[in-house]
Chemist: 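One structure coming up, written as structure tokens, with questions to follow.
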Amino acid sequence: MAARLSTCLLAALASNHSAVFTPSSPNYNSSLTIYNLNIPILPAAVTYPSSTEEVAGVVKCAAEGNYKVQAKGGGHSYGNYGWGGESGEVVVNLANLNGYSYDNSTGYATVGAGSRLGSVTTSLYNSGERAVAHGSCPDVGIGGHATIGGVGPTSRQWGATIDHVVSATIVLADSRIVKVSETEHPDLLWALKGAGGSFFVVTEFVLRTEAAPTGGVSYTYSFEGLNATAQAQVFRDFQIFISNPNLSWEFYIMMVGLPQVIEITGAFFGSLDDFNALGLEQAFSIAPAANVTVIPNWLDMVAIWANEAAAAERPAYFYAKSLDVMPNALLSNETIDSMFEYLTTTPDDALTYQLEVQLVSGAMAAVASNATAFPHRDVLYWIFAYAATNGTVSKTTIDFLDGFNDVIYSAFPNENFYAYAGYVDPLLSNGPELYWADNLPRLEQIKTIYDHHDVFHNPQSVPVVSSDKWL
Ligand SMILES: Cc1cc2nc3c(=O)[nH]c(=O)nc-3n(C[C@H](O)[C@H](O)[C@H](O)COP(=O)(O)OP(=O)(O)OC[C@H]3O[C@@H](n4cnc5c(N)ncnc54)[C@H](O)[C@@H]3O)c2cc1C
């Protein structure tokens, strides 16, 4: 069976031996540059198609041989889902599909699905200073970003990366090449915007673009050496500040840190005077060390975020979780105290751990939660907890992060908490329910229509369901 797959893939890829790696290929092991070292994966084949037609050929070979398929974009899935997330899949590495063009008349950019965010940002800026919303890490792939969400510093102004997708070229499970847009297969465009990896391989995106901000203010307020009580106070002040419903959409803020330092960091896409008028520094009852800089242009601003993200981009052994906080269910003072008490008193067994608390709302909430497969539109802020270890992640570390989320869950026994599919947690037993919430039943229907053999699969992809479930 493996030999038949290899023969079929080679025929699909113009007999190019450097475009197909199987376990018997000499460079197979060095071709596996997985991101989360805690999840080793041995694919059945790693392929490097150079065109949409070649992608279709790969999908055909895989489907005929009953192999599962995942597209690999930037390879930054927390669960290595671009590699399949489990051994034995056929990987469609899109690295060669990295074309770019820009249409001045529409303001639309056509972007190869194998491009990384860094190159997309630069190309857009060089096309008359254009931009789209995206996260801060330049090595993340547009493929995984624009099919899952893509939330970043301009999301409060412009929404997520998915909100910029106008149309796309995709390869379906039956290897058909189709275009999806509001008028062609709108159900698939809807599924693309939050769950694309479960349905097809996107080979090209057409993105609606915005005028890039003309610089702005970059700021970091640091709180060092605080005990748990003082850290909790910083969080309380932070939550009060970000829960103001009138906060400017040009304002972006995150809390990053722990164990030793908490940083309140972000950007304001406006003048220094307008930033100062927000009163952020005065919102904290404990005085921070302040670093506020006016940044003259968009690429310099993006470079600051890229620099901050550099360490996180490297492969590591880690475990991570996400959790949403809604505007009508803010954390109480007691819950915040319990969180920080928990963090300082519970064994973690990690080299390092980090909390990242990111305000969303604004333009993110201006889209209905059923308008795209990504459902989490009303979230006020996300809490992302991450722990990296020196080798295989231990149960102590997993329990440490699970227990942290439990502190919050237990304060809201009647509240449903969800998770972001961009930061998958492979240990969640109900991942699809938490990633896609009320949009899951519609996704299951679309999956069953277009991919009823579940060709596009990872351990937490949208499942195929019996049609009885639709009634
Ligand atoms: C260091 C780091 C920083 C991050 N920062 C942010 C952030 O600021 N904001 C944010 O929202 N997220 C962020 N993320 C999460 C990131 O957006 C997601 O993990 C994203 O899915 C990664 O995309 P990728 O192409 O790099 O990954 P991959 O592992 O290649 O792909 C991830 C998933 O997307 C699917 N996929 C990829 N390309 C395609 C395609 N062309 N067609 C169909 N399916 C495809 C894959 O099959 C897989 O299921 C970050 C992740 C890391 C590791």
Side-chain angles (χ1 to χ4, degrees), residues 33-36 39 41 49 52 55 59 68-86 89-95 97-98 111-118 120 133-155 159-162 165 168-172 180 188 191-192 194-205 252 254 256 302 305-306 308-316 318 320 322 354 356 358 360 364 374 376 382 384 386 388 420-426 435 456-462:
T33 51
I34 59 171
Y35 177 67
N36 187 341
I39 305 175
I41 287 174
T52 299
V55 171
V59 170
K68 304 295 182 197
V69 176
Q70 282 288 265
K72 180 187 168 286
H76 277 68
S77 160
Y78 276 14
N80 297 332
Y81 289 176
W83 297 98
E86 59 198 7
E89 297 210 9
V90 171
V91 176
V92 183
N93 191 321
L94 295 165
L97 277 76
N98 55 9
V111 176
S115 309
R116 305 290 178 120
L117 296 183
V120 175
H134 55 68
S136 45
C137 296
D139 256 6
V140 163
I142 191 79
H145 214 58
T147 53
I148 277 178
V151 183
T154 52
S155 288
T161 313
I162 52 171
V165 178
T169 304
I170 63 166
V171 175
L172 286 166
V180 297
L188 290 173
L192 181 154
S198 297
F199 292 87
F200 36 68
V201 178
V202 181
T203 58
E204 194 171 83
F205 296 96
Y252 155 64
M254 283 172 80
V256 187
V302 174
W305 306 322
E308 287 165 355
E313 288 194 326
R314 287 192 280 278
F318 69 90
S322 61
Q354 177 171 296
E356 203 176 283
Q358 183 177 7
V360 272
M364 288 294 293
F374 171 91
H376 311 292
W382 288 96
F384 303 115
Y386 170 100
Y420 176 35
Y423 294 111
V424 286
D425 171 358
Y435 299 148
F456 296 107
H457 176 94
N458 65 52
Q460 295 176 316
S461 49
V462 172

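For reference, positions follow the sequence shown, starting with 1. All values derive from a computational prediction rather than experimental measurement. Start at 1 and go down the list; that is how both ligands and their atoms are numbered.
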Chemist: So is there a nitrogen or oxygen of Val201 less than 3.5 Å from a nitrogen or oxygen in ligand 1?
Modeler: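 Val201 vs ligand 1: no N/O contact under 3.5 Å.
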
Chemist: Number the atoms of ligand 1 from 1 as they appear, then name those within less than 4.0 Å of a heavy atom of Gly73, with their elements.
Modeler: 25 (O), 30 (O), 37 (C), 38 (N)

Chemist: Number the atoms of ligand 1 from 1 as they appear, then name those within less than 4.0 Å of a heavy atom of Lys72, with their elements.
Modeler: 30 (O)

Chemist: Would one find an N or O of Ser77, backbone or side chain, under 3.5 Å from an N or O of ligand 1?
Modeler: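 Yes, there is a polar N/O contact under 3.5 Å.
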
Chemist: Should Ala113 be counted as touching ligand 1, given the test is an N or O pair under 3.5 Å?
Modeler: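 No - when backbone and side-chain N and O of Ala113 are compared with those of ligand 1, no distance drops under 3.5 Å.
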
Chemist: Below 4.0 angstrom from a heavy atom of Val151, which ligand 1 atoms are there? Numbered from 1 as shown, please.
Modeler: 7 (C), 8 (O), 9 (N), 10 (C), 11 (O)

Chemist: Kindly confirm or rule out an N or O of Gly74 lying under 3.5 angstrom from an N or O of ligand 1.
Modeler: yes

Chemist: For a 4.5 angstrom cut-off between non-hydrogen side-chain atoms, does Ile34 reach Ile39?
Modeler: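 In short, these two side chains do not touch, never coming nearer than 4.5 Å.
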
Chemist: Anything under 3.5 Å between a donor and an acceptor, one on a side chain of residues 195-202, the other on a protein residue two or more places apart or in another chain? List them.
Modeler:
| from | atom 1 | to | atom 2 | distance (Å) |
| --- | --- | --- | --- | --- |
| Ser198 | OG | Val462 | N | 3.0 |

Chemist: Hey, is ligand 1 close enough to Cys137 that some N/O pair sits below 3.5 Å?
Modeler: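 No.
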
Chemist: If you count the atoms of ligand 1 from 1 in the order shown, which ones are under 4.0 Å from a heavy atom of Asn458?
Modeler: 49 (O)

Chemist: For atom 28 (P) of ligand 1, what's the nearest protein heavy atom and its distance?
Modeler: Gly75 N, 3.4 Å

Chemist: If you measure every N/O of Gly135 against every N/O of ligand 1, is any gap under 3.5 Å?
Modeler: no

Chemist: Taking side chain to side chain donor-acceptor pair (under 3.5 Å) as the cut-off, I'd like each qualifying pair that reaches into residues 75-84, sequence neighbours left out, listed once.
Modeler: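 Every pair satisfying side chain to side chain donor-acceptor pair (under 3.5 Å) with a residue in residues 75-84: Tyr81-Gln460.
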
Chemist: Counting only heavy atoms, tell me which of His457, His145, Glu89 gets closest to atom 10 (C) of ligand 1.
Modeler: His145

